[in-house]
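Reviewing the structure listed below.
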Amino acid sequence: MAYFLELLISGALTGLMYSLVALGFVLIYKSAGVPNLAQGALVMTAGYAVWLVMAWGLHVWIAIPLAAAIMFGFGLVVERLLLRRMVGQPVIMVVMLTLGLEILLRGMVPGILGSTPKPIDLGIDFAPIIIGDVFINRTSLYGGIIALALVGASLLFFRTRTGTKLRAVSDDHVSSWAVGISVERAIGISWGLAGIAAVVAGALWGSSQGVDWTLSALLFPAVAVVILGGVDSVPGVLVGGILVGVLGTVIPGYLDSFAGGSTRDVVTSLIILLTIMVRPFGIFGREDIERI
Amino acid sequence: EDVKFGLLQDFTAVYTFVTGQYNQGQQDYLALVNAEGTLGDGNTVTAIVRDTGNQPQRGIEAYNRAKEEGAVLFDFLSTPVSAAILDQAQADKNVVITPAHGRGDASDGTVFPYVFPMFATYWAQAAALIEHMKETGGLEGKKIAIVHIDSPFGREPGPILQALSEQEKFEFQAFPYASPGNEQSAAWSEVRRYRPDYVLIWGAGGGQAVSVRTAIQNGIRPEQIHSVIWLAETDAANVGPQMKGVKRFEATASGTDHPIIQRIQEKVIDAGKGSGDQANVGTSYYNLGVATMAVAVEAARLGMEGGQPLTGDALKAGFEKIAGFDAEGLMPPVTYTAEDHQGGGAGRVSEWDGEKWVPVSEWHAAYPELIRQVIEESAAKYAAEH
Amino acid sequence: MSDHTLVCDNVVRRFGGVVALKNVSVAVNRGEIFGLVGPNGSGKTTLVNAITGFYPPQEGTITLDGQQINGLKPFRIASMGVARTFQNVALFHGMSVLDNILMGRHIFMKPNPLASFFYPWWAQKEEVAHRRHVEEVIDLLQLAPARDEHVDVIPLGLQKRVELARALCAEPRLLVLDEPMAGMNQEEKEYMVRFILDAQEALGLTVLIIEHHMDVVTALCDRVLVLNNGQEIAQGPAREAIADPRVVEAYIGKPRHAA
Amino acid sequence: MPALVLENVEVIYDKVFLAIKGVSLEVGEGEMVALLGSNGAGKSTTLKSISGLLGPERGLVTRGEIRWGDRSILNMGAPERVAGGLVHVLEGRRIFGHLTPDENLVAAYRGRSVARFNELREQVYAYFPRLRERIKSKAGYLSGGEQQMLAIGRALMTEPRLIMLDEPSLGLSPLLVQEIFGIIGEINAREGLSVLLVEQNAAATLDIVSRAYLIEQGQVVMSGAAEVLKSNPDVQDFYLGGAEHTDYRNVKHYRRRKRWLA
Amino acid sequence: MFYRLSGTYHTSYQADRKLWKIPTDRWLVIGLLVLALLAPLYVSPLYLGSYVLPWVIWSAAALSLTLLMGLAGQLHFGFAAVMAIGAYASIHLVRAGVPFELALLLSGLISAVIGAIFGGAALRVKGLYLVMATLAMQYLVDWVVVNVPAISGGAHATLRTPAVSFLFFPIESLSARYWLALGWAVLLTVFFMNVKRTSFGRALVAIRDKDFAAAVIGVDPFRTKLMAFFTSSFMGGVTGAILAFCFYRAVTPEQFGFNVSIQLVAMVLVGGLGSVIGSWLGAGFVLLAPIFLTNLVSGLAASGWVPVSQNFLSHLPLMIYGAMIIGFLLLEPLGLAKIYDNIRKYFLVWPFRHARS
Ligand SMILES: Nc1ncnc2c1ncn2[C@@H]1O[C@H](COP(=O)(O)OP(=O)(O)OP(=O)(O)O)[C@@H](O)[C@H]1O
Ligand SMILES: Nc1ncnc2c1ncn2[C@@H]1O[C@H](COP(=O)(O)OP(=O)(O)OP(=O)(O)O)[C@@H](O)[C@H]1O
Ligand SMILES: [Mg+2]
Ligand SMILES: [Mg+2]
């Protein structure tokens, strides 16, 4: 029972750590209508940025905001150079563009900054929090709390007027222009915000596994999170994250001893596949309106 | 005459954690060889370096090109790429070295005449770590948890542990985690409940740091943790001071106070001919790279005694003439024969003291008969299938 | 068999809480042009979608020449002889005008990957036979000059005509037109009316047409059904139904010119 | 002084397709002007060149001049032009389908003052009481007419001085057409808003506008006061349906050429 | 100039639907075919084996995928998994004693069935969701291949292809392997072009463009999509087998990983969705451009012209590859096929500047 509880908690917290990656995806999708498959690479880039800034000798509390500023700027640049020209293109083009970006970043960032894993020391205590027989990892716990806070902030953000405008942009670029919304700025902001989310994810994940290109592999669980929660739903990020984390921890926790191999990727794949088959728009996602 | 080595490795995908330093060591050593004229007769050696991204098709392309350019020895540092090219390289009679990667049974030179695993295979590494546990705390009735990445590489030590557990009467259980291993909490929750006496971690790259961290967070003492060869200075930096006490297998010594490394520093690095970041000199993977080339160059030198230019055949013969070579103390003495391409499979265990790796055992091969038996069985199976 | 081509009997269709069609019944005679009018959102398109199988009715039955078709998939209904056009032009924008119209012959062809791969002579012959038929329709609708154009570069009026051509190529028993004249000026409307009449005459079609242009409706339709909020408010000969005070109030409005 | 002036504007799509060639027109302050023409004549293109929305369709103004007040606006981005008081209600409504009608209005409001926003919103609901009834449902599920009202209301939220309407009556029932036309006239009269109206429904349009341009194949072929155009025999034949009622059952297959093309 | 349009009239509907309507085109194609057939005579084994041969095979793969993505509009980001199924199936079949010719066919069918099952599962959705579903399929197939020793061949996960012969010709020498691959690629090319001009191809395009409009003229969307998945997976499966037997001659799971799927999509896109010539050009470009550019840069680096680190140099192909995808999408979204088309049009109307449309 304690084992189950521990799996449950650590799964949920891990899931929330995935949510951090997924949040960036949703932010961009919800406000620009772009499925950003480069979010993993963005997290990696952010991890490198945090490492780089800390390597200059800056304290964490300065390094992270600075890295966030860098990534926000980076998001704006990406919008300016790439996304701006993809307005109105079919989804395959946009998907492929973000994948191209992911490949480019995966080459460029480690190519320039080095590909051996870089350490990030956030100063989080190693010792777990122990409740009864249940151990809780501090990094995940803080990650989970931050994820909750960021999701809350995003929810509030989309209620504001700027948020409404961003949602309008994701609906229809041309009519946004027609009523005077600057689509470019809106998309730029959304990429910038996703860049900031990536910094949090990159710093936390980087502190536990080191910063190298494998951070970009976080995209896959994050994709499962957004599919399950709904690609454009901020609360979906939370619920999806927790579910993906728990299922991806609990099921392998019991199955692996029988199945012989680690089944987590299978669980993640099945979550994606089953969600799409049963409820394509996820738990909270909006349905496409198609009038014949 | 210019001898060419094809170092067609994975700089961008799965092996990035090692390739940079490893390849730097290789290139710097070759630069040293040329500076010192080790090959004699004014012969030089050149490295053809290319990235394969762990992708077989790019490996094949790179191999063909390097072959055309005259390379006689290849190091892919990537199991899939090595596997994809193995047959063709054998047919072309080109030497492929597979240090710390590739298939262990290639140590059987009768079945794989042109393949040289060079150092202790993963099987030998597992055996060495088990033996070390036996010597430090005894094995009978003890419990070993093996926490490994879920891939063919991670499952490699399985058969050896199985065989040894019967022989040494210990109990073991495997705890796989999903690749790439950035999140292993579920596996370690289980390990904690298993209450192991020793823990064997078997992964690579960022996953190793996560293993050590999560292990410690689950109340496992660093001294209990034993790692496959893939645990180095970068991981220690990543984990932080808590890693003090963790042990690993090593095939070559680390650090800069070895004659060869010192001479590299002097004649290559200080001369501005180094191939990468100075800070890497003397790291475990750097030294591993140096050792591979030291052996290879020695083989080339011996091979060219029989005549020039050097062919793959002559190089193979050169390898098989190497006896008791230890790269001036950088590595255990190795001896290759037509049957044994592993060179004995010696290694040692070292411990992280917070700053560097300190050896805690002597260079030697653990359970050599058992390892040899496993190698031959597996090779025979391969031979039967082909 | 009755002389009704299409019979809808007490059709009900709901979307979530919205009842888009409430017990709508209608019978369309063979060879007749039947009009379907009503305010926006009154359920006209929904009725057509129910007939063509996109939103099958939750209650009630729809029969085509006595055969029940509700519940069938759209492509089945199509192959039984119901062709339609869409309110928002729905052409295949990746194809030329000719290929779009050829698609109309689809129900008579058997697409088969193997035959397509090898394109044997019998497949070629079939293709040519269909092409001949298509050319007749192209002539009828005066589309020849646009035959090789890409559909998305031709003006909307022509696109609507291509859509009509595509529907005609299926040699339907029942042709359903959803606002074929929306966005057209007087001249284009006149052309369209002419084509519909010609086609009906030449092919002996039964036509169900949704239209907001009252002059067209009165000129074209034998009878009309007026819907409001998913319910019938009038049915009968065009001029009479439209003059019904409830229809005027809900749909037509008071005449612009008193004179 | 005219508020909006187009001089010899030429638009090319995809670098090759010449959609309008040398269109010149004017809209005066508070004036209501119509742009008539058959399908594909280039009406929407003209409007887009004014509102700056050609970009996404790979269109470009290659020649000519567009002035708004005393400024040339050719180099301005679309949002800037909206800020300057030009707003375009696109063909086919194109409301934000996933937003509620209310949020559609929020998205279009550019200023910061909440009081002003509430005022504008009340005004929109006053013009279009039906919208208030559907305030909670997603705009994508509104009926065609309601969407058209929302599109116009949304445009009014930008506090324009000139509103361009592209086929507002498309697909609307006769009653709604009357209603919409009535409201457009009302807005024009009450707020002194200039209106540039593109319509197929020539009869209704010529009743409410003061002047009109007739555009065919990318060129203005005729212009003048509404009354004058109404009495032109060609306009009557091709746009108004002859004298009063056409006998559709007996229209000719082949018709005479339009005189202005001769 | 080269093209003669005047004097070519089509007097029958059949002629109007010819594959190559212009005589010059016809001659060009025949010429290219002869050149391709004779390649082993004048291309060095290095270039034949490591550039031409993979190009031919990947072109076949791109053609298979573009049938699904370009014609039917069904996005597929797990096509490498389909090819993996074909490759593994063919090896196991041949090992079990099935003649190679039959094994090719069967492995195609197995891929087709599995591919269609996955396709069928995802048929309710399109666009992004289809991308994700096929991506999940990629991971599932990967997992099964890696974790079922009966498929992957155990811990080392490398299966060698047995020696085989095709219609009594041993597929052993480089030339023989090349010809077999070429034959398959040419066959697929002709198939593909035929598909485009028949009702099956039109139905695919119709489904892609407007599925409800297709339904209303009698196209069964489900069946048609399924058929598209089936056909394309069949082609992909056989191509996977050809890839295993003619090029790698050994299979490992890494050969068919997610990145390979992406690479295939990149080929299709860079070439131009749904275009035959584009598949060939795209495959060649995506496969070879990074290699050539990297060789160029490393040549420059070796000669000391551009001082770059080994690490940077090694990451260069990735950067080039990513930048190339981005560049094409931004500058010529319609791909190489469009560029080719523009050049061809230029010559068609030469000496005039603009085409009619
Ligand atoms: N897919 C759908 N989901 C939810 N509601 C729908 C859907 N399709 C139609 N409706 C609703 O059904 C009602 C009838 O719509 P319908 O499109 O049939 O109207 P219509 O009479 O064709 O109007 P118009 O003249 O504007 O085309 C409307 O209230 C509409 O909102
Ligand atoms: N994005 C585009 N790319 C290429 N050609 C275009 C594009 N948009 C419009 N055209 C062409 O430009 C011409 C003018 O189009 P426009 O939309 O301005 O006509 P319109 O007068 O508004 O017609 P409608 O009554 O159909 O709305 C047409 O021939 C059309 O085919
Ligand atoms: Mg309707
Ligand atoms: Mg228009």
Taking side chain as C-beta onward, heavy atoms only, is V95(A) less than 4.5 Å from F77(E)?
-> yes
What part of L83(A) lies closer than 4.5 angstrom to a heavy atom of chain E: side chain, backbone, both or neither?
-> neither
In Å, rounded to the nearest 0.5 Å, how long is the span from CD1 of I262(E) to CD of E102(A)?
-> 8.0 Å
Specify which of I92(A), L105(A), L270(A) makes the most heavy-atom pairs with chain E at under 4.5 Å.
-> I92(A)
Nearest 0.5 Å, what's the CG-CG distance between D142(E) and D265(A)?
-> 9.0 Å
Under a 4.5 Å heavy-atom cut-off, does chain A meet the side chain of I326(E), its backbone, both or neither?
-> both
Identify the residue among V131(E), V268(E), I325(E) that makes a side-chain contact (heavy atoms from CB on, under 4.5 Å) with M96(A).
-> I325(E)
Closest contact, heavy atoms only, M108(A) versus M319(E) | N-CG, 3.5 Å
Honestly, the part of A213(E) sitting under 4.5 Å from a heavy atom of chain A is neither
Below 4.5 Å from any heavy atom of chain E, which atoms of F220(A) appear? Answer side chain, backbone, both or neither.
-> side chain
State, yes or no, whether a side-chain contact exists between V265(E) and L99(A) at a heavy-atom distance under 4.5 Å.
-> no
Test side chain to side chain contact (heavy atoms under 4.5 Å, CB included) applied to L318(E) and L104(A), step by step | CA-CA 6 Å; L318(E) 266 184; L104(A) 180 68; over 6 Å; no
pair I276(A)-L130(E): side-chain heavy atoms closer than 4.5 Å | no
When the 4.5 angstrom heavy-atom criterion is applied to M324(E) and chain A, the contacting part is neither
Part of V109(A) within contact of chain E (heavy atom distance under 4.5 Å) | neither
Is there side-chain contact between L140(E) and L273(A), with heavy atoms separated by less than 4.5 Å?
-> yes
Specify which of A224(A), G111(A), G100(A) makes the most heavy-atom pairs with chain E at under 4.5 Å.
-> G111(A)
When the 4.5 angstrom heavy-atom criterion is applied to I271(A) and chain E, the contacting part is neither
Whether N311(E) side chain and I112(A) backbone form a donor-acceptor pair below 3.5 Å = no
Max heavy-atom pairs within cutoff under 4.5 Å with chain E, candidates L274(A), T268(A), V91(A), V94(A), goes to V91(A)
Against chain A, work out which of G127(E), P333(E), P317(E) has the most heavy-atom pairs shorter than 4.5 Å and name it.
-> P333(E)
Evaluation steps, side chain to side chain contact (heavy atoms under 4.5 Å, CB included), between V144(E) and V266(A) = CA-CA 9 Å; V144(E) 171; V266(A) 179; over 6 Å; no
Nearest non-hydrogen partners of S269(A) and A136(E), listed with the distance = O-CB, 3.5 Å
Considering all heavy atoms of both residues, which atom of L37(A) and which atom of M132(E) are nearest to each other, and what is their separation?
-> CD2-CE, 3.8 Å
If you tally heavy-atom pairs under 4.5 Å against chain A, which of F328(E), F118(E), F258(E), Y129(E) wins?
-> Y129(E)
